[in-house]
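These notes are about the structure you will find just below.
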Amino acid sequence: MQGTGGELLVTALQRLGIDTLFTLSGGHLFPIYDGCVKHGMRIVDTRHEQTAVFAAEGMAKLTRRPGAVALTAGPGVTNAVSGVATARANGSPVIVIGGRAPAFRWGQGSLQEFDHVPLMAPITKRAITVTETDRIPDEVDAALATAVTPHRGPTFLDVGVEVLAGFAEAETKPSAPAVRTRADRPDLERVARLIDGARTPVLVAGTDVYFEEAWEEMQHFVEKARLPVFASGMGRGTLPADHPLAFSRARARALDGADVVVVAGTPLDFRLRFGDFGGAAVVHLVDAADSRAAHVELAGSAAGDLRYTFGALADLVSDDADRGTWIDDLREEETARRAADRADLDSDAEPIHPARVYGELDEILGEDAVVIGDGGDFVSFGGRYVTSTRPGRWMDTGPFGCLGNGLGYAIAARLVYPDAPIVLLMGDGAFGFSGMDFDTLVRHGLAVVAVVGNNGIWGLEKHPMRALYGYDVAADLQAECRYDLVVEALGGHGEFVSAPGEIRPAIERALEVGIPALVNVVVDPAVMYPRSSMLV
Ligand SMILES: Cc1ncc(C[n+]2csc(CCOP(=O)(O)OP(=O)(O)O)c2C)c(N)n1
Ligand SMILES: [Mg+2]
């Protein structure tokens with residue numbers, strides 16, 4: 001086709017299935033916007049580039065297809081660094097496009113002249129500058145192909161404003177499908193033998209089980225092998241929470257008592273005891289060879305398409321393993337812990353116990369709701385108490401642990417699911433990173449409900465610092481700050497809640513009002529989420 005660089009870029013994205021571009025304005029991007037207007041690409045403009053990146057990552061997480069974001073030169077790109085690093089840590093396919101100061105003036109000090117590529121290279125799978133207008137379609141193609149090839153992740157390209165404004169004729173050729181590899185047969189046979197010989201095995205289903213759409217094959221495999229399953233990250237809901245082999249509360253007991261721990265589709269990082277489960281043999285099932293843990297002595301592993309891996313393992317494992325007692329023990333533990341949780345979930349305490357918010361949400365939300373977490377302790381309670389019966393309906397920031405993902409993910413969730421309830425769980429501290437993007441929700445008519453657990457502190461930091469030092473600093477926020485009024489000022493709906501009985505009616509009103517809403521729930525700052533240190 002013929003057109004400006006901006007048009008070539010937009011049509012290349014469209015050919016690859018992208019229909020929305022997240023952005024924040026800057027002159028270096030005008031030819032791209034012109035391409036969007038001429039070719040019908042939806043533009044969603046945010047109030048901070050970080051939110052734009054999180055929205056693009058949110059699209060990727062929700063659709064398992066790449067999201068796209070365009071950032072203006074210099075500070076537009078540098079503002080996006082934490083979001084891009086988050087997408088990298090999550091293995092989310094995102095194409096990040098940067099504007100760029102013109103090459104013909106490079107070195108003379110143009111506005112926002114900055115070489116983004118060395119900054120982006122360590123946090124993306126591929127970072128390049130496109131220097132010729134007619135190269136744009138092929139480079140967009142390559143960026144997308146790299147982003148969706150396992151192990152997935154963000155890619156970056158920047159294009160000089162003169163290259164975007166230039167005119168060219170470029171061939172458009174269909175892109176090659178993503179390269180899929182299959183695990184080696186001997187690796188699969190070894191894993192199957194380990195599982196057949198195990199008395200107390202456990203499977204952890206992680207994010208890539210979701211990204212690889214491997215959950216049906218996984219379910220078939222665990223049902224045949226009788227493996228109890230725990231979820232991690234976006235693996236939540238890949239085995240529905242009400243499945244007889246799905247567990248969550250019995251996790252510590254399971255990992256302590258397991259003789260074989262099979263970890264699928266997630267790294268052996270701090271969330272999984274760095275792969276050290278006492279004497280248990282560790283099996284790592286990964287999407288690509290370079291995802292295999294190098295810091296753990298693995299008893300077995302298989303790298304490649306996880307659908308194929310689970311399918312092959314289902315054929316190879318025997319179906320007569322007797323794991324009745326093990327699974328019954330775990331179920332007993334699970335049931336006992338769930339019963340013990342009720343005291344907090346139903347708590348009438350004032351100030352409100354944060355878990356009470358989840359006791360209420362559990363009654364309100366159906367299985368189609370998308371629940372997003374952005375915060376510390378308050379969101380950790382959510383991670384424990386929100387039930388996931390479907391994959392892809394729970395989104396948190398992931399192992400990079402970056403506060404500020406909330407509004408971006410919420411924007412994406414409303415765009416992907418126009419009719420499902422979208423609930424954003426936020427700490428009061430977390431609100432500060434992206435709260436202004438309530439304006440984006442209002443301008444674009446995206447009704448989501450944020451529920452803020454307002455404890456007036458950076459709770460996840462204050463409590464541990466006190467425990468370690470006997471005092472704390474830099475951990476206090478304003479008590480009972482009216483974030484609900486901030487949202488009202490931005491054109492949304494606000495609710496302020498300080499008694500447990502008010503929680504449900506306030507959330508129900510917020511879900512029905514049809515505009516973006518924030519329910520500001522004052523919760524007890526003395527309640528901390530029980531956890532051991534996550535730092536080492
Ligand atoms: C960008 C960023 N800055 C700082 C931190 C460190 N951090 C982790 S949790 C947390 C406290 C979060 O406070 P809040 O959102 O109010 O939730 P709470 O723990 O009080 O429920 C902080 C500051 C982080 N994870 N990300
Ligand atoms: Mg807080």
Side-chain angles (χ1 to χ4, degrees), residues 181-206 208-210 212-232 235 238-240 243-248 250-268 272-289 291-294 296-334:
T181 57
R182 289 181 164 190
D184 295 335
R185 194 76 191 168
D187 286 350
L188 292 165
E189 285 168 355
R190 186 178 166 80
V191 170
R193 275 198 305 276
L194 281 162
I195 292 169
D196 281 346
R199 280 183 314 105
T200 56
V202 170
L203 183 129
V204 178
D208 289 325
V209 174
Y210 170 72
E212 302 251 296
E213 296 186 55
W215 54 85
E216 276 176 29
E217 289 78 359
M218 182 185 81
Q219 181 165 339
H220 181 52
F221 160 62
V222 299
E223 284 172 351
K224 187 171 174 206
R226 311 258 311 128
L227 292 181
V229 176
F230 292 81
S232 159
T238 52
L239 193 66
H243 189 282
L245 290 168
F247 295 86
S248 68
R251 185 181 173 115
R253 163 79 66 94
L255 294 179
D256 290 345
D259 59 358
V260 174
V261 178
V262 182
V263 175
T266 190
L268 296 168
L272 287 169
R273 304 183 183 179
F274 298 100
D276 182 355
F277 308 104
V282 181
V283 172
H284 207 190
L285 306 179
V286 290
D287 59 343
S291 303
R292 203 182 252 135
V296 175
E297 201 173 315
L298 298 171
S301 73
D305 184 344
L306 285 171
R307 264 193 192 179
Y308 176 80
T309 292
F310 285 129
L313 287 175
D315 289 343
L316 286 168
V317 288
S318 86
D319 59 1
D320 58 6
D322 178 15
R323 304 209 167 108
T325 337
W326 172 236
I327 291 170
D328 291 347
D329 281 358
L330 293 178
R331 184 56 62 197
E332 210 174 291
E333 168 93 357
E334 180 83 14

Say whether, by atom type as modelled, one donor and one acceptor occur between the side chain of [X] and the main chain of [Y] under 3.5 angstrom.
X	Y	result
Glu333	Ala250	no
Thr200	Asp259	yes
His243	Val229	no
Glu212	Asp287	no
Asp322	Gly324	yes
Lys224	Val317	yes

Just wondering, do [Y] and [X] contact through their side chains at under 4.5 Å, heavy atoms?
X	Y	result
Phe277	Val282	yes
Phe247	Ile327	yes
Leu227	Val202	no
Glu223	Phe221	no
Ser301	Arg190	no
Val283	Val263	no
Glu217	Arg307	yes
Leu245	Leu239	yes

Shortest non-hydrogen separation from [X] to [Y] and the atoms involved:
X	Y	value
Gly304	Thr309	O-OG1, 4.0 Å
Gly265	Leu306	CA-CD1, 4.0 Å
Ala280	Ala258	CB-O, 3.3 Å
Gly206	Thr266	CA-CB, 3.8 Å
Ala225	Ala321	O-CB, 4.4 Å
Trp215	Thr238	CB-O, 3.4 Å

From [atom1] ([X]) to [atom2] ([Y]), nearest 0.5 Å:
X	Y	atom1	atom2	answer
Asp196	Asp319	CG	CG	9.5 Å
Leu203	Phe310	CG	CZ	5.5 Å
Arg331	Asp328	CZ	CG	9.5 Å
Ile195	Leu316	CD1	CG	9.5 Å

Under-4.0 Å salt bridge between Arg292 and Asp187: yes
Any Lys/Arg nitrogen of Arg251 or Asp256 sitting under 4.0 Å from an Asp/Glu carboxylate oxygen of the other? no
I'd like to know whether Arg273 forms a side-chain contact (heavy atoms from CB on, under 4.5 Å) with Leu268, so could you lay out the CA-CA distance, the side-chain angles of the two residues, the decisive distance to 0.1 Å, and finally the verdict. CA-CA 7 Å; Arg273 304 183 183 179; Leu268 296 168; over 6 Å; no
So does Glu216 have more than 12 non-hydrogen atoms from other groups sitting under 6.0 Å from CD? no
Look at atom CZ of Arg199 and say whether more than 12 heavy atoms of other residues, nucleotides or ligands are closer to it than 6.0 Å. no
Residues passing the ring-ring contact (aromatic ring centres under 6.0 Å, His included) test with Trp326, sequence neighbours excluded, are none
So Val262 and Leu285, side-chain contact (heavy atoms from CB on, under 4.5 Å) or not? Walk me through it. CA-CA 7 Å; Val262 182; Leu285 306 179; 3.7 Å; yes
Walk me through whether Val191 and Leu313 qualify under side-chain contact (heavy atoms from CB on, under 4.5 Å). CA-CA 8 Å; Val191 170; Leu313 287 175; 3.9 Å; yes
Thr181 vs Asp305, side-chain contact (heavy atoms from CB on, under 4.5 Å): CA-CA, chis, key distance, verdict: CA-CA 6 Å; Thr181 57; Asp305 184 344; over 6 Å; no
